[in-house]
Amino acid sequence: NKLFTYDPGFMSTASCESAITYIDGDEGVLLHRGYPIDELAENADYLEVAYLLLFGERPTPEQHRDFTKLIKNHTLVHEQLTRFFQGFRRDSHPMAVMCGVSGALAAFYHDSIDVTNQSHREITAIRLLAKMPTLAAMCYKYSTGQPFMFPQNHLSYSGNFLYMMFATPCEPYVVNPVLERAMDKIFILHADHEQNASTSTVRTAASSGANPFACIAAGIASLWGPAHGGANEACINMLEEIGTVDRIPEFIARAKDKNDPFRLMGFGHRVYKNYDPRAKVMRETCHEVLSELGVNTPLLEVAMELERIALNDPYFIEHKLYPNVDFYSGIILKAIGIPVSMFTVMFALARTVGWIAHWKEMYNQGGFKIVRPRQLYTGEKQRPFEKMEKL
Ligand code: CMC
């Protein structure tokens, strides 16, 4: 073996230079283009944050208006793509459908397939950002058997998403502004997180010059796992399994037991060794949504008590394990009426802009290399091959 640096899981290897997102995991700081995540979540809308991530600066009011209009012009998906859904079983996991239909976009836009052409990249970015809510809502509608709802361009990005999810052709649907704002905040909180597994997957796929829609499908696949985006689904399942606060100590004990594979979902992070700043905003938003809806769920009580006990437990203190973005998000999504199987789709929808921002950055920087890690070979030494009949 030649001596390569051995760093499984990229624990200490920077894979690229990036000017999009900064994380100080020890201090619990997350900045997008220099702006703290909590200030963005409180004061900006998702498309403003999307613009910031994609172009490096906040939009002026005029740029914001034009960008929003441009996104709205691209919210429809090709009618033929709507028939692609029919190939899936209705009980498919929505993330399986998302992997398929987002990758299928690659088959539709032959006018912009030259990734070396900046204007092709720009229109691809807009299309992805605009169509992802439409595809996500279609996944849900398909699973319920209800008709797909066309996007409504007079609504906001998040309002339109709620409309496409919950409206039916039978009666008027009015978007609740508190839920619309909560949805927008959830999207902002998930928009980007530097070189996480799915973003690194998108960059890796793109490093070969692959079609960007296919690269995003690869990112969606990577996001699906319970250690990454699938944690929001796993977390709500865990909170439901715990059920009542008196059962928390049993689950805390299991999380600490090295012979038990169980982990507290929505807890711990590769980079944050402090409270995830997104989790703070998420917890506040959770209270706002439940109070607006008049929902009194035992899940919130279990989550808050679980957090309290874990944060005072020597194991969690020593291992620097804090709630992450997925800990409270599921309670909000469930209260809004989004089914658990759609939780990771919400993450994918929101993270699409981060994936595209990194993809664009790679190309704009230029000179990137195809991602081709080395390995430490542990297999057989060279040996002669005997023909089968001689064995
Ligand atoms: N519950 C109990 N113990 C944990 C947990 C947890 N949630 N997370 C980490 N640990 C322990 C782990 O057992 C290990 O202990 P020891 O050193 O004694 O063997 C130590 O902490 C380090 O864990 P690790 O797996 O080496 O850390 P990692 O950086 O590779 O993994 C993680 C990070 C997020 C995958 C992990 O904390 C985890 O599995 N958390 C639960 C899943 C989750 O909530 N994921 C969402 C992450 S945030 C959203 C996103 O990025 O997608």
Side-chain angles (χ1 to χ4, degrees), residues 18-59 64 67 129 132 156-158 161 178-200 202 219 223 228-229 231-232 235 266-289 303 307 311 320-333 336 343-344 346-358 360-361:
S18 180
I20 301 172
T21 289
Y22 172 80
I23 303 175
D24 182 337
D26 293 327
E27 296 299 322
V29 171
L30 167 60
L31 311 176
H32 290 321
R33 305 283 191 188
Y35 296 104
I37 188 65
D38 53 336
E39 291 181 29
L40 290 172
E42 282 314 319
N43 304 307
D45 69 21
Y46 178 70
L47 286 183
E48 181 176 347
V49 175
Y51 186 101
L52 175 70
L53 291 169
L54 290 170
F55 301 106
E57 291 297 337
R58 292 177 58 194
H64 185 258
F67 183 63
L129 189 53
M132 220 33 111
S156 71
Y157 191 84
S158 299
F161 174 68
V178 175
L179 304 190
E180 179 182 12
R181 183 70 194 121
M183 201 71 250
D184 217 52
K185 275 193 195 174
I186 292 178
F187 289 163
I188 292 171
L189 294 174
H190 286 93
D192 189 48
H193 213 228
E194 50 121 303
Q195 307 311 320
N196 54 84
S198 56
T199 303
S200 302
V202 171
L223 185 77
H228 192 8
N232 53 15
C235 180
F267 250 79
H269 198 273
R270 170 65 61 79
V271 184
Y272 292 119
K273 301 302 164 198
N274 203 325
Y275 211 101
D276 180 338
R278 301 169 300 172
K280 274 190 196 139
V281 183
M282 205 63 96
R283 189 173 53 180
E284 286 160 22
T285 311
C286 187
H287 285 288
E288 283 161 21
V289 167
E307 176 185 344
L311 293 183
K320 298 189 175 163
L321 298 169
Y322 293 84
N324 60 49
V325 70
D326 293 317
F327 194 64
Y328 285 102
S329 64
I331 302 177
I332 311 178
L333 294 174
I336 291 178
F343 285 8
T344 313
M346 301 292 100
F347 197 152
L349 188 177
R351 182 57 57 86
T352 296
V353 72
W355 294 330
I356 314 168
H358 284 270
K360 273 186 66 182
E361 181 180 64

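In what follows, residues are counted from 1 in the order of the sequence shown. Note: hydrogens, waters and symmetry copies are ignored here, and every other heavy atom, side chains too, is used.
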### Task
Take Glu48 and Arg58 through the salt bridge (charged side-chain N to carboxylate O under 4.0 Å, His left out) test and state the conclusion after the steps.
CA-CA 7 Å; Glu48 181 176 347; Arg58 292 177 58 194; 2.9 Å; yes
### Query
Which is it for Glu42 and Val281 under the side-chain contact (heavy atoms from CB on, under 4.5 Å) test, yes or no, and what are the steps along the way?
CA-CA 9 Å; Glu42 282 314 319; Val281 183; 4.2 Å; yes
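The closest side-chain heavy-atom distance from Met183 to Leu333 is below 4.5 Å.
Between the CG atom of Leu30 and the NZ atom of Lys280 there is a distance of 11.5 Å, given to the nearest 0.5 Å. One finds the CG atom of Asn274 at 7.5 Å from the CG atom of Asp26 (value rounded to the nearest 0.5 Å). Thr199 contributes atom OG1, which lies 11.0 Å from atom CD1 of Ile356 (distance to the nearest 0.5 angstrom). Taking CE of Met132 as the start and OG1 of Thr352 as the end, the distance is 3.5 Å to the nearest 0.5 Å. Atom CG of Leu40 is separated from atom OH of Tyr35 by 8.5 Å, given to the nearest 0.5 angstrom. For the atom pair CG of Leu349 and CD1 of Ile186, the computed distance is 11.5 Å after rounding to the nearest 0.5 Å.
No hydrogens or angles considered: a donor-acceptor pair under 3.5 Å links the side chains of Glu361 and Ser18. Under 3.5 Å, the side chains of Thr21 and Asp192 contain a donor-acceptor pair of N or O atoms.
A distance-only check finds a donor-acceptor pair linking the side chain of Asp276 to the backbone of Val325 [under 3.5 Å]. When atom types are taken as modelled, the side chain of Asp326 and the backbone of Ala231 share no donor-acceptor pair closer than 3.5 angstrom. For His228 (side chain) and Ser198 (main-chain N/O), a donor-acceptor pair under 3.5 Å exists by modelled atom type. Side chain of Arg278 to main chain of Asn324: no donor-acceptor pair is present (N/O by atom type, distance under 3.5 Å, no hydrogens or angles).
The ring pair (Phe, Tyr, Trp, His ring centres under 6.0 Å) test with Tyr46 is passed by exactly one of Tyr157, Tyr51, Phe67: Tyr157.
Between Lys185 and Glu288 a salt bridge is recorded (basic side-chain N to carboxylate O distance below 4.0 Å).
Ring orientation note: the planes of His193 and Tyr272 are tilted relative to one another, at an angle of 30° to 60°.
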